[in-house]
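Convention: sequence-line order gives letters A, B, ...; per-chain numbering from 1.
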There are 2 protein chains.
Amino acid sequence: METRELAYFAAVAEELHFGRAAERLGIAQPPLSRAIQKLERRLGVLLFDRSGRRVVLTPAGEVLAREAAKALDAVAAAEHRTRRAGLTEPRLVVALKPGGDGALLPDILAAYQECPDALPVEVVLCGVAERARLLRDGTADVAFLHSPWEDLTGFDTEPLLVEGGVAVVPTRHPLAARPFVHLADLDADPIPRWPDPRASESRTSDPRAFEPRTSERQASGPHVASGLRAGDAAQLMQLVALGRMIAVVPESVKEQVRRDLACVPVVDAAPTTVVLAWPEQTRSPALAAFVRTAADVAAGDVARRPAVEPGIR
Amino acid sequence: METRELAYFAAVAEELHFGRAAERLGIAQPPLSRAIQKLERRLGVLLFDRSGRRVVLTPAGEVLAREAAKALDAVAAAEHRTRRAGLTEPRLVVALKPGGDGALLPDILAAYQECPDALPVEVVLCGVAERARLLRDGTADVAFLHSPWEDLTGFDTEPLLVEGGVAVVPTRHPLAARPFVHLADLDADPIPRWPDPRASESRTSDPRAFEPRTSERQASGPHVASGLRAGDAAQLMQLVALGRMIAVVPESVKEQVRRDLACVPVVDAAPTTVVLAWPEQTRSPALAAFVRTAADVAAGDVARRPAVEPGIR
DNA sequence: AGGATCGATACCCTACGGGTATGGAGACGC
DNA sequence: GCGTCTCCATACCCGTAGGGTATCGATCCT
């Protein structure tokens with residue numbers, strides 16, 4: 001199976017439309033149809049059901065959709081990491097989303113530069129959906145991720161700090177004046193909550209926690225059950241400002257929310273762990289030093305400032 | 001990067017000889033040379049140093065060798081798993097090396113067939129080197145592996161039982177009559193030991209345990225420092241019978257050694273854990289049931305028979 | 001120095017991947 | 001119910017990427 005075929009299949013599997021997939025791939029539709037047919041013949045398996053008006057994945061197609069994503073990431077990783085290994089001036093690439101570092105990054109960078117085998121650090125800012133991907137496809141060496149929000153399979157991790165949650169509400173909202181709230185207070189409010197509590201099924205890789213197949217590829221971006229969708233944090237905050245949504249976010253992003261919104265600690269929100277993640281089996285002294293200093297900085301930081309508002313727990 | 005290119009590169013990286021690699025790939029040597037050159041041009045990186053008489057990997061080539069192996073496994077896995085998903089009669093494929101199940105498999109299979117969502121089980125016997133590969137490339141769903149001998153990264157695991165080690169020696173060897181020995185006794189003997197104690201550096205994926213690069217691809221098969229090599233267990237046992245080697249193996253394989261060899265418990269040998277391993281993120285009720293029953297059977301088994309000879313520890 | 005070994009280059013050829021044009025089947029409207 | 005639109009499949013043509021054979025050239029050994 002060639003990578004090109006996998007990429008073609010992945011495009012059709014995402015679009016569920018040969019024409020649009022072909023457009024995205026920059027080729028015409030007929031060769032795409034033929035490529036998928038050829039793939040199906042070689043595998044001896046139907047991947048799509050095109051009998052009806054809509055193109056839909058067969059069970060085998062669902063399997064290949066998951067596997068193809070992994071395989072394409074692995075191939076991209078091979079390419080990226082080899083390219084980077086060939087550079088005369090090696091770098092350490094750190095990926096994070098804005099505010100995703102729990103305000104630790106400046107201290108970490110400062111401490112890291114003192115290390116004997118420190119490399120120049122390149123910081124890549126990206127959206128929530130890209131972070132894990134950058135790590136999986138070899139663009140980044142290490143990333144700040146949020147457990148349990150993000151899938152950590154395939155990564156080794158170092159937990160840095162545990163954060164409670166704060167509810168982001170409009171300043172004039174009745175809850176805005178409270179010193180703290182419970183999740184039940186938010187549930188009692190008619191405004192829908194993000195993230196959607198109903199969508200928070202636990203994702204574990206233990207097969208004993210079997211759950212029927214769902215289309216998971218799309219589930220990365222913030223979205224809500226009511227049909228409202230927010231493409232990024234700014235849009236989400238706009239929805240909050242409009243009184244259409246209440247967001248529950250890790251407390252460290254509190255500093256970055258708009259002035260016209262209020263943050264109220266949610267005492268029983270599921271805690272978020274900010275973890276440093278890197279690909280399994282990595283052997284790099286530069287990365288090792290980075291992880292070590294990050295852990296040290298985080299430990300020192302926790303010692304200096306209490307993690308949660310005193311007196312609440 | 002196409003899979004074909006990766007496969008070509010991997011072949012050359014293993015053979016370190018364009019002619020032999022081409023032969024193995026079933027193509028002529030010139031197209032292989034060109035393909036590698038093209039790859040190097042596209043990546044902007046030299047992968048091999050062909051200046052001398054020997055072809056040798058550059059640092060970037062070493063990186064790609066590791067990454068290519070992973071990527072090719074992922075692609076093969078996509079293919080195998082999709083094929084298997086298309087079968088009308090799904091099966092559960094279990095991989096193990098002879099004796100690698102700690103004598104648990106018959107009981108596990110019997111108990112498993114009672115489960116509501118049990119599938120027909122196909123048992124694949126293979127050598128020590130293939131086992132992990134079968135799992136990584138999607139040929140098998142689950143495998144019995146030996147920790148810490150085998151690399152478990154990328155797998156989820158369930159430990160089944162912990163075994164001590166026994167030394168396999170010729171019946172007339174002085175140690176054969178002893179009720180037990182220590183590793184020091186073996187070290188005192190002039191006959192070399194397998195596995196080679198000097199080669200047993202710990203393999204962890206934590207980058208803090210950085211170790212300089214070694215050529216690891218080859219290190220899977222049994223081999224010894226003295227230049228003697230045993231391709232499989234039978235050859236190893238032959239070497240033992242010839243008095244050229246002493247083997248230390250998990251105690252459960254004791255039942256299978258030749259009549260003309262003696263087994264002596266090694267009280268301070270590193271314990272081996274027989275684990276059931278399956279790919280991360282697997283979601284299959286059949287596999288879940290298999291893992292659960294295997295864990296139950298192993299637990300019951302340990303309860304029934306003491307794991308180690310009583311009185312030794 | 002001469003030969004052997006082994007990778008690179010030159011040249012040709014086939015087959016595969018891609019494009020355009022068109023067919024044909026399902027969903028929908030009037 | 002027939003036309004129509006949509007969308008995937010088929011037919012046919014073309015260019016080039018990838019493979020083969022012959023040969024060169026460099027390195028190392030004797």
Side-chain angles (χ1 to χ4, degrees), chain A residues 1-58 60-62 64-65 68 71-72 75 78-79, chain B residues 1-62 64-65 68 71-72 75 78-79 86:
Chain A
M1 249 189 332
E2 291 303 309
T3 357
R4 184 172 24 78
E5 301 179 285
L6 284 175
Y8 284 7
F9 169 80
V12 179
E14 277 185 41
E15 298 281 352
L16 292 177
H17 189 289
F18 281 72
R20 278 194 295 276
E23 190 181 4
R24 217 176 75 177
L25 293 166
I27 64 171
Q29 170 260 317
L32 179 57
S33 286
R34 273 179 307 176
I36 300 293
Q37 287 175 331
K38 189 170 171 182
L39 193 57
E40 288 178 321
R41 269 203 314 276
R42 266 220 314 278
L43 294 174
V45 165
L46 268 186
L47 298 172
F48 296 101
D49 178 7
R50 308 103 146 143
S51 67
R53 187 133 186 81
R54 274 180 58 76
V55 173
V56 61
L57 282 164
T58 62
E62 300 259 11
L64 186 55
L72 289 172
V75 172
E79 182 160 346
Chain B
M1 245 185 338
E2 291 304 308
T3 23
R4 183 172 25 78
E5 300 178 286
L6 284 175
Y8 285 6
F9 169 80
V12 180
E14 278 185 40
E15 299 282 353
L16 292 177
H17 188 289
F18 280 73
R20 280 194 294 275
E23 190 181 3
R24 218 177 74 177
L25 293 166
I27 65 172
Q29 170 259 318
L32 179 58
S33 285
R34 273 179 307 174
I36 301 294
Q37 288 175 336
K38 188 171 170 182
L39 192 58
E40 289 178 321
R41 269 204 314 277
R42 265 221 314 278
L43 293 174
V45 166
L46 268 187
L47 298 172
F48 296 100
D49 178 8
R50 306 101 145 151
S51 66
R53 187 138 188 77
R54 273 182 56 77
V55 174
V56 61
L57 282 163
T58 62
E62 300 259 13
L64 185 57
L72 289 172
V75 172
E79 183 161 346

Novice: Might you point out which heavy atoms bring B/A7 and B/L25 nearest each other, and give the distance in Å?
Specialist: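 The pair with the smallest heavy-atom distance is O-CD2, 4.2 Å.
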Novice: How long is the line joining CG of A/L32 and C1' of D/dC7, in whole Å?
Specialist: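 Rounding to the nearest Å, CG of A/L32 and C1' of D/dC7 are 13 Å apart.
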Novice: Specify the separation, in whole Å, of atom CD of A/Q29 and atom C1' of D/dT6.
Specialist: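 Rounding to the nearest Å, CD of A/Q29 and C1' of D/dT6 are 11 Å apart.
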Novice: Separation of B/H17 atom NE2 from D/dC28 atom P, in whole Å?
Specialist: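 In whole Å, D/dC28 P lies 14 Å from B/H17 NE2.
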Novice: What is the distance from CG of A/D49 to P of D/dA9, rounded to the nearest Å?
Specialist: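 Going from A/D49 (CG) to D/dA9 (P), I get 11 Å.
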Novice: Within the structure shown, what part of the strands sits under 4.0 Å from A/F48 by heavy-atom distance: base, sugar-phosphate, or nothing?
Specialist: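 If one applies the 4.0 Å heavy-atom cut-off, A/F48 turns out to touch nothing in the nucleic acid.
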Novice: On a heavy-atom basis, which atom in B/A68 and which in B/F9 lie closest, and how many Å separate them?
Specialist: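 Taking every non-hydrogen atom into account, CB-CD2, 4.3 Å.
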Novice: Ignoring hydrogens, what is the shortest heavy-atom contact between B/A28 and B/P31? Give both atom names and the distance.
Specialist: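 Residues B/A28 and B/P31, closest heavy atoms: O-CD, 3.4 Å.
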Novice: Please give, in whole Å, the distance from C/dG7 C1' to B/E23 CD?
Specialist: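 Interatomic distance, CD of B/E23 to C1' of C/dG7: 16 Å.
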Novice: At less than 4.0 Å, is any side-chain N or O atom of A/S33 found next to OP1 or OP2 of D/dA9? Yes or no.
Specialist: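 True: A/S33 side-chain N/O within range (under 4.0 Å) of D/dA9 OP1/OP2.
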Novice: For A/E2 and A/R54, take the nucleotide of DNA chain C holding the closest heavy atom to each; which residue's nucleotide lies nearer the 5' end?
Specialist: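 First, find each residue's nearest nucleotide; the 5'-ward one identifies A/E2.
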Novice: Could you tell me how far apart B/E5 (CD) and D/dA17 (P) are, to the nearest whole angstrom?
Specialist: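 Atom-to-atom, B/E5 to D/dA17, this comes out as 12 Å.
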Novice: Using a strict heavy-atom distance below 4.0 Å, which residues from residues 34-43 of chain A are in contact with DNA chain C?
Specialist: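 Here the set is A/R34, A/K38.
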Novice: Extract all donor-acceptor atom pairs below 3.5 Å that involve side chains of residues 16-24 of chain A and protein atoms in other chains or at least two apart in sequence.
Specialist:
from, atom 1, to, atom 2, distance (Å)
A/H17, ND1, A/G19, N, 3.1
A/H17, ND1, A/R20, N, 3.0
A/R24, NH1, A/E15, OE2, 3.2

Novice: Taking the side chain of B/R4 as its heavy atoms from C-beta onward, which of C/dA8, D/dC8, D/dG18 lies nearest to it?
Specialist: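 In terms of side-chain proximity for B/R4, the closest of C/dA8, D/dC8, D/dG18 is D/dG18.
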Novice: Report all side-chain donor-acceptor pairs from residues 38-46 of chain A shorter than 3.5 Å, counting only partners two or more places apart or in another chain.
Specialist:
from, atom 1, to, atom 2, distance (Å)
A/E40, OE1, A/R50, NH1, 3.0
A/E40, OE1, A/R50, NH2, 3.3
A/E40, OE2, A/L47, N, 2.8
A/E40, OE2, A/F48, N, 3.3
A/E40, OE2, A/R50, NH1, 2.8
A/R42, NH1, A/E5, OE2, 3.4
A/R42, NH2, A/E5, OE1, 2.7
A/R42, NH2, A/E5, OE2, 2.9

Novice: Quick one: which of C/dG7, D/dG20, C/dT20 gets closest to the side chain of B/P31?
Specialist: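 Nearest nucleotide to the side chain: D/dG20.
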Novice: Take the protein atom CZ of A/R50 and the nucleotide atom P of C/dA27, then report the distance between them rounded to whole Å.
Specialist: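 Nearest whole value for this atom pair: 16 Å.
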Novice: Between the main-chain N or O of B/R4 and the side-chain N or O of A/E2, is there a donor-acceptor pair closer than 3.5 Å?
Specialist: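 Between the backbone of B/R4 and the side chain of A/E2 there is a qualifying donor-acceptor contact (under 3.5 Å).
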Novice: How many whole angstroms separate atom CD1 of B/I27 from atom P of C/dG7?
Specialist: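 Atom CD1 in B/I27 sits about 13 Å away from atom P in C/dG7.
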Novice: Taking the side chain as every heavy atom from C-beta outward, state whether B/T3 and A/M1 have any pair of such atoms under 4.5 Å apart.
Specialist: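 The answer is no; the side chains never approach within 4.5 Å.
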